[in-house]
Amino acid sequence: MNLAIKDIRHNLGRFALTTVGVGMLLMIVMGMGGIYRGIIEDATLLIDEVGADLWIVQRNTRGPFAEVSRIPANLVHRALAVPGVQTAREFVYHTIQRERDGKPIRIAVVGLSWPTDKGETLPFVAGRPLALNHFEMIADRRLGLPLGERIRLGKEKYTVVGITENMISSSGDGLAFFTVADALDIQFDIPGEAVRLEREARFARGSLSDYGRKQPALTDSAYLLPSQIPALGPRQISAVMISIVPGTTQRAVASIFAGWSDVSVYTVGEQRDLLLRGPVEKVRRQIGLFRVLLTIIAAIIMALILYTLTLDKLHDIALLKLIGAPNRKILGMILQQALLLGVAGYGIAYVVGMRIFPRFPRRVILTKDDLLQLAVIVLVISVLSSVLGIWKALRVEPNEALSG
Amino acid sequence: MDNEFAIETEGLTKIYGSGNTEVVAMRAATVNVCRGEVIALLGPSGSGKSTFLTAVGLINTPTAGRIRIGGELVVDGPKAHMDLRAFRRRHIGFVFQKSNLIPFLSAIENVQIALEINNWSKAASRKRAMSLLDYLGVADRANHSPSTLSGGQQQRVAVARALANQPSIILADEPTAALDSHLGRQVMELFGKLAHENGTGVVVVTHDQRSLDVFDSVYEMEDGMIRRSEIGILSQTK
């Protein structure tokens, strides 16, 4: 006869409510772990998806995902001349916030080195890669932009030609892919008045300099677009992505770039480590501490509940001792109830979590390892939380059954 | 356990506290209960009846004195000669003033549990429990929760539990206090029947002097001292 089950049936309402409470708490612990995994996944997603072996970034910076990186676009051509480099692509990355239908929309803008990279490797759920050099974009589903939607960014309207899934930035914003030229236009969109003022200022600077006086034609160039006058305003990109020739080692090629004094070079692994050690590290520690605290709280609540359940049964436990029930029978009852509470709570956490987590604004990724780890933790806290009840049960004297 | 005595106590003494706070609850209590004998223990509140009963029930070790059950020395002073809980399980049945049934078990399960902790299989214990409930006239209430049983039915289930392991002795502490006189007498007669049929030694603490004729012997306790009473002899000679 299983006394634990019999007692639970007798107090089914209370036990069910308690289990649901513990389950919700465990669901938060589970969700916290899932959010952490989601952040890691999102943070490293782009690095993994674009398929570059090496990243060339502004000297002494940690790359476009960790901080602002500015390098001249013509670095692509220098890089292509390095032995062992198969392809070199421009990379532009920045985040913008605009309004759509009266609501803010945050877009992580990624520039693809069109036509070398049209986004063919992206995880499409609808549409196609970029076919034109301008005014097309591939948007992640998270942005809520349907296929064919035209959205104004800066002075131009861009048409959504492809939809991806789970392409999220480290800060949780959906990624949108443009050609590098469009990405730069979006990034450096300047109001007309500002452009006019800058041109005038440029003309004034040129006119006042000795160089401008000696070469008057130079001042005429002041009215051109910045991209058309590299000497006065060179085109800047975030990074250059390098793919190396098969059979060549990353380290050998990277060592050549490392010798260039104007840039820094990172392998994919280093870029990922930098990202995880930087912006993601604090989030990881914060979530980790929350998980520990919540686990402790769950253990305390379980211990209190089991202790209360035991207190309610002290007379029955004394009676069991009086009629000669061995301690293992009594302790087994408390321990089994603790384990049932833990297991049922975990089950509720999983079932409810699987329905709720997809509605979270950030991705919640539950890995098998994390679920297993939490299951072990739940078993351990279930056993620990029964200790208080067991201690109380052991102290009950059989003659207490005679009182009351 | 072939001894003719179910219970033998010799100089049982229980002292609570020490020095100025010392209270002697039981003084050199010596009683022999034969197999198949039913004895009543009378006395005012605080006279030491419950102390005697709990000492013999092996749940309250005496300060001095010896207890033999079925001829086996179980307790010698405060020293136990064996695992008392295991001994209780096999040889002693308890019946209380209140039925003391476990509320989360049905009537039959309350009897079964006494058997299962004594290593009876589930099927065998259920069969035995049902036959006991049937014997006591409450088989039709076997699957009911204790809270849905009347006081008399609860007490019968408690008696069934006490009998489950065919104990050498049954200790009953005012088992009829919660029952009406008719039912009380029925329970007392039941003890007599069980003792005589099974050779069980039965000690009943009671205030109910109307059923004393059921008992083979009557003892009285006062100020911790126990002595054979004339009341029982008179009632039996009526």
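Just so we're on the same page: letters track the sequence lines, and every chain starts at 1. Just so you know, these numbers use all the heavy atoms, side chains as well, and skip hydrogens, waters and symmetry mates. Every value quoted in this text rests on a predicted model; they were computed, and no experiment measured them.
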Side chains of Met333(A) and Ile317(A): does their closest heavy-atom pair fall under 4.5 Å?
-> yes

What part of Leu105(B) is in contact with chain A, defined as an atom under 4.5 angstrom from a non-hydrogen atom: side chain, backbone, both or neither?
-> side chain

Looking only at non-hydrogen atoms, find the nearest pair between Ile102(B) and Arg161(B) and report the distance.
-> N-NH1, 4.4 Å

Are a donor atom and an acceptor atom from the side chains of Asn118(B) and Asn165(B) found within less than 3.5 Å of each other?
-> yes

Partner chain B: residue of Glu397(A), Lys321(A), Lys329(A) with the largest heavy-atom pair count (under 4.5 Å) | Lys321(A)

Part of Ile8(A) within contact of chain B (heavy atom distance under 4.5 Å) | neither

Interface residue of largest heavy-atom contact number with chain A, from Ala114(B), Ala162(B), Ser125(B), Pro103(B), under 4.5 Å | Pro103(B)

Which answer fits Lys313(A), side chain, backbone, both or neither, if we ask what part of it has an atom under 4.5 Å from a heavy atom of chain B?
-> side chain

Heavy-atom distance under 4.5 Å to chain B: side chain of Ile330(A), backbone, both or neither?
-> side chain

Residue part contacting chain A, namely of Glu116(B), when any heavy atom lies under 4.5 Å = side chain

Side-chain ion pair, Asp370(A) and Arg291(A), N-O less than 4.0 Å = no

In terms of the angle between their ring planes, are Phe357(A) and Phe360(A) parallel, tilted or perpendicular, with boundaries placed at 30° and 60°?
-> perpendicular

Is chain B contacted by the side chain of Lys6(A), its backbone, both, or neither, given a heavy-atom distance below 4.5 Å?
-> both

Can you name the nearest heavy-atom pair linking Leu341(A) to Ile305(A), along with the distance?
-> CD2-CG2, 4.4 Å

Toward chain B, the part of Asn11(A) with a non-hydrogen atom under 4.5 Å | neither

Pair Asn327(A), Arg85(B): side-chain N/O donor-acceptor within cut-off below 3.5 Å | yes

